[in-house]
Amino acid sequence: MELVRTIESVRQSVAAARAEAKSIGFVPTMGALHAGHVSLIEEAVRRCDFVVVSIFVNPTQFGPGEDFDKYPSDLEGDMSICEQAGVDLVFAPGASEMYHEANITWVDVEKLTLNLCGRLRPGHFRGVTTVCAKLFNMVSPDVAFFGQKDAQQAIVIKRMAGDLNMPLQIVVCPTVREPDGLAVSSRNKYLSAQERKDAALLSTALAECEKQVGGGQRNCEALIESMHKIISRSSKAQIEYISIVNPETLADIDVIQGAALVALAVKIGSTRLIDNIFVGLDKQ
Ligand code: AMP
């Protein structure tokens with residue numbers, strides 16, 4: 001496994017793999033790798049001949065007052081996780097390699113970024129789509145792997161790739177969870193012991209929603225209300241949103257008819273957590 005820091009060297013290594021007719025799989029990450037990232041890497045290793053993982057904490061997707069400055073990082077640990085998982089190339093560029101000071105070009109996906117996290121984190125998805133477009137241009141993968149955990153991100157990236165005719169396939173992998181249901185996240189490290197316990201209420205609420213939909217409840221207001229109640233059991237929880245949306249448009253829906261995305265963002269103490277599930281007949 002190789003570690004490279006520059007765009008030129010990532011291009012050279014990928015070109016050498018291509019010259020051997022290898023297919024290129026790509027897993028973009030912000031590092032502090034965990035079981036969720038590993039599941040993406042393992043899927044990439046299964047499907048592709050040459051697997052690239054990028055590690056870059058992207059400043060343009062963090063808003064003022066968010067956790068950019070304290071975002072966890074552990075390159076040494078990440079390298080050994082990648083090595084064990086069968087990665088061929090780790091691309092860990094510095095900020096100046098990724099962005100020129102004079103950068104004035106952005107990729108902005110409209111409409112799909114207006115609701116859910118996009119509504120509460122203005123500019124976040126513009127940062128995500130811009131860095132992914134840049135990384136796709138640097139790595140030129142055949143397939144890129146994203147997690148269902150960040151459902152809106154995966155939908156927005158798919159749309160960007162389609163709208164801009166990017167020659168790659170986007171694969172979305174299931175959310176990896178802790179035994180109590182909490183979605184694995186780099187940010188779980190910030191939680192105190194009590195907060196960590198309370199954080200399991202997010203997946204409890206989603207599971208309850210799934211159960212109620214299975215039992216015939218289709219009214220979104222009632223479903224959201226019962227999720228609210230469950231999460232409000234924690235005195236540390238501040239709910240940012242609990243929404244049920246059309247999985248194609250990401251617009252709020254009132255009544256579930258077919259597949260729907262149930263998504264939520266909750267601050268537990270000062271740590272912002274997100275989670276989601278699909279419900280409905282055409283479950284994806
Ligand atoms: P991040 O490093 O947080 O930017 O995440 C990199 C990729 O890993 C994104 O595509 C995430 O959706 C994905 N990911 C993060 N957590 C999980 C998880 N618990 N299960 C599956 N994928 C995940």
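All heavy atoms count here, side chains included; hydrogens, waters and symmetry mates do not. Order of appearance sets the numbers: ligands from 1, and atoms from 1 within every ligand. We number each residue from 1, following the sequence as shown. Being a predicted model, the structure only gives us computed values, none of them experimental.
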Qualifying residues under side chain to side chain contact (heavy atoms under 4.5 Å, CB included), relative to Ala260, sequence neighbours excluded: Ile244, Ile253, Ile256, Val279
For Thr29, all residues meeting side chain to side chain contact (heavy atoms under 4.5 Å, CB included), sequence neighbours excluded: Val27, Leu33, His37, Val53, Ile55
Cationic tip of Lys134 above Phe56 ring, under 6.0 Å, 45° of axis: no
Cation-pi check, Lys158 onto Phe146 ring (under 6.0 Å, within 45° of axis): no
Presence of salt bridge, Asp275 and Arg177, under 4.0 angstrom: yes
Residues in side chain to side chain contact (heavy atoms under 4.5 Å, CB included) contact with Asp142, at least two apart in sequence or another chain: Arg18, Ser23, Ile24
Within the protein, residues bringing a heavy atom under 4.0 Å of ligand 1, chain by chain: Pro28, Thr29, Met30, His34, Gly36, His37, Leu40, Tyr71, Phe146, Gly147, Lys149, Asp150, Gln153, Pro174, Thr175, Val176, Val184
